[in-house]
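In each ligand, atom 1 is the first atom listed, and ligand 1 is the first ligand listed. All residue numbers refer to positions in the sequence shown, counting from 1.
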Amino acid sequence: MSAPTDWFRYKGNHLEIDGTRLEQVANKFGTPCYVYSDRGFLDPLTALKKGLKGIDHLICFAVKSNSNLSVLSLLTEAGAGMDIVSGGELFRALTAGAPAQEIIFSGVGKTPGEMATALEADDQGIYAFNVESVAELATLSTVAENLGKRARVALRFNPDVDAKTHPYIATGLKRNKFGLDRKEILTIAAAHETFPGVSIEGISIHIGSQILSLRPLRESFTKVRALMKEVEKILPHRLQFVDLGGGLGISYGKERPISIPDFCKLVKEYFGKLSIKVILEPGRLLSGNAGILLTEILYRKVRTQRDFLIVDAAMNDLIRPSLYESHHEIVPVQKVKNGKNKKTDVVGPICETGDFFAQDRSLPLHLNQGDLLAILSAGAYGFSMASNYNSRPRVAEVLIQNGTPKLIRERETYEDLIRGEVHT
Ligand code: LLP
């Protein structure tokens, strides 16, 4: 239980972010709440930009990982574009001030309505659509033609590479629903004239999330570069961009992630000399370690084999441990030295055995009712995957910006829970 992440550190016995004690945040905003550090988002973005210096690039933040408006505008102002997967995310990105021309639309199931809105955003439309099937390409072509527009498109390539990650978040294997195989892409390129509403200008990939080794990336980059050459032989024009997706893993405690400079070196090695724009879609890398979930212990339930710490946050607030059995470090907000530890489960109040944040974790025995815990590395796929299950209002979000805590999402009320429902 040493210094948890770069941005959340103990000062004396108190866990702080940028000089703000988490006890203070809990007193002011209540628990549970998500707490983010602005530097947590900005430092990895700066490192990526530095690593890609010298090549034409656009870093599009994967909005799905953390879609709070203040987070999006923080990243927009720092020069990031946005990677979206729905009309709702488009709305958020534009509301946060992202220029449409720096937005990429990914995802296997865009509706014609979503396509039209994206084509008309800021008049010029978004930068590009990553298209995943022939049927989707045909629909996009028709939608664009009807609007008198031409959609810029990347064909999403499924390179059949094993990203060696959790099966639910591996996306680059043949049996996954994502992307087009080499043959399909070559067939589309040869038939490009049958899709007059689109202009095929790029190839995109995204082989999975929480990738910890360069090997699968190298393998897919090799395949993408070869495919780009083949496509360019068929099309009457050169490709303008390659979108290498997201997926870079972070440390949740023990992992040794790929270093940003090493990743950028690989990108430059493969695509640096091609005079094309390189697009990235990082989510977790920019948001994962920028946030924690702050929760209060409601009860200690003592058992012989293990104790349960029942906290006020639950699986509806952070579903990753229940859904993927993900490990999140859990640390006390106030440290006590030289105490004993005991095997402990940290669980929420929801009526499901799967409602846990940690199982069999060695945690201080002194932790008890009223103490605060920080569940670390919760900035990505935390609040954005939250639900109202068990009719629990979604929690507040707080951003420590330039050293000052700001409420960036109010805690939901009971009224919020029933908004839109009809009482017959
Ligand atoms: N681009 C595309 C097309 C994606 O599907 C994703 C994530 C990203 C970019 C961003 O990936 P990242 O850089 O964050 O790995 N809920 C899961 C992760 C699901 C990822 C879905 N796609 C989790 O909590 O681990």
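Residue pairs that meet the side chain to side chain donor-acceptor pair (under 3.5 Å) test with at least one member in residues 80-95, sequence neighbours left out, are Asp83-Ser106.
The ligand atoms of ligand 1 that sit less than 4.0 angstrom from a heavy atom of Arg284 are 12 (P), 13 (O), 14 (O), 18 (C), 23 (C), 25 (O). The distance from ligand 1 to the heavy atoms of Pro282 drops below 4.0 Å at these ligand atoms: 13 (O). Residue-ligand proximity, Arg156 to ligand 1, at heavy-atom distances under 4.0 Å covers atoms 3 (C). The distance from ligand 1 to the heavy atoms of Gly283 drops below 4.0 Å at these ligand atoms: 12 (P), 13 (O), 14 (O). Each of the atoms 9 (C), 13 (O) of ligand 1 lies under 4.0 Å from some heavy atom of Gly246. Applying the 4.0 Å criterion to heavy atoms of Asp83 picks out, from ligand 1, the atoms 1 (N), 9 (C).
Annotation: atom 19 (C) of ligand 1 to nearest protein heavy atom, Ile169 CG2, 3.6 Å. In this structure, atom 16 (N) of ligand 1 lies nearest to the protein heavy atom Tyr324 OH, 2.7 Å. Among all non-hydrogen protein atoms, the one lying nearest atom 15 (O) of ligand 1 is Ser209 OG, 2.3 Å. Counting only heavy atoms of the protein, atom 3 (C) of ligand 1 lies nearest to Glu281 OE1, 3.4 Å.
Considering both main-chain and side-chain atoms, Met385 never comes within under 3.5 Å of ligand 1 through any nitrogen or oxygen pair. Residue-to-ligand polar distances keep Ser65 apart from ligand 1: every N/O pair is separated by 3.5 Å or more. Ligand 1 has an N or O atom lying under 3.5 Å from an N or O atom of Tyr381, backbone or side chain.
Residue contact annotation: Gly247 has a non-hydrogen atom under 4.0 Å from ligand 1. Remark: distances from the non-hydrogen atoms of Gly245 to ligand 1 are all 4.0 Å or more. Ligand 1 has no atom lying under 4.0 Å from any heavy atom of Leu285.
In this structure, Lys335 forms a cation-pi arrangement with Tyr10, its terminal cationic atom sitting closer than 6.0 Å to the ring centre and no more than 45° off the ring axis. For the pair Arg152 and Tyr127, the cation-pi test (distance below 6.0 Å, angle within 45°) is passed.
Ionic pairing of Arg218 and Glu269 is present here: one or more N-O contacts between side-chain nitrogen and carboxylate oxygen are shorter than 4.0 angstrom. Using a cutoff of 4.0 Å between basic side-chain nitrogens and carboxylate oxygens, Asp262 and Lys265 are not scored as salt-bridged. In this structure, Asp317 pairs ionically with Arg392, as a charged nitrogen and a carboxylate oxygen lie closer than 4.0 Å.
Side-chain atoms of Thr295 and Asp312 include a donor-acceptor pair closer than 3.5 Å.
Annotation for Ser391 and Leu417: closest pair O-CD1, 3.3 Å, computed over non-hydrogen atoms.
With sequence neighbours excluded, no residue forms a ring pair (Phe, Tyr, Trp, His ring centres under 6.0 Å) with Phe195.
Relative orientation of the Phe105 and Phe129 rings is parallel, given thresholds of 30° and 60° on the angle between their planes.
The closest non-hydrogen atom to atom 11 (O) of ligand 1, taken over His206, Arg320, Lys64, comes from His206.
For the pair His57 and Phe271, the minimum side-chain heavy-atom distance is 4.5 Å or more.
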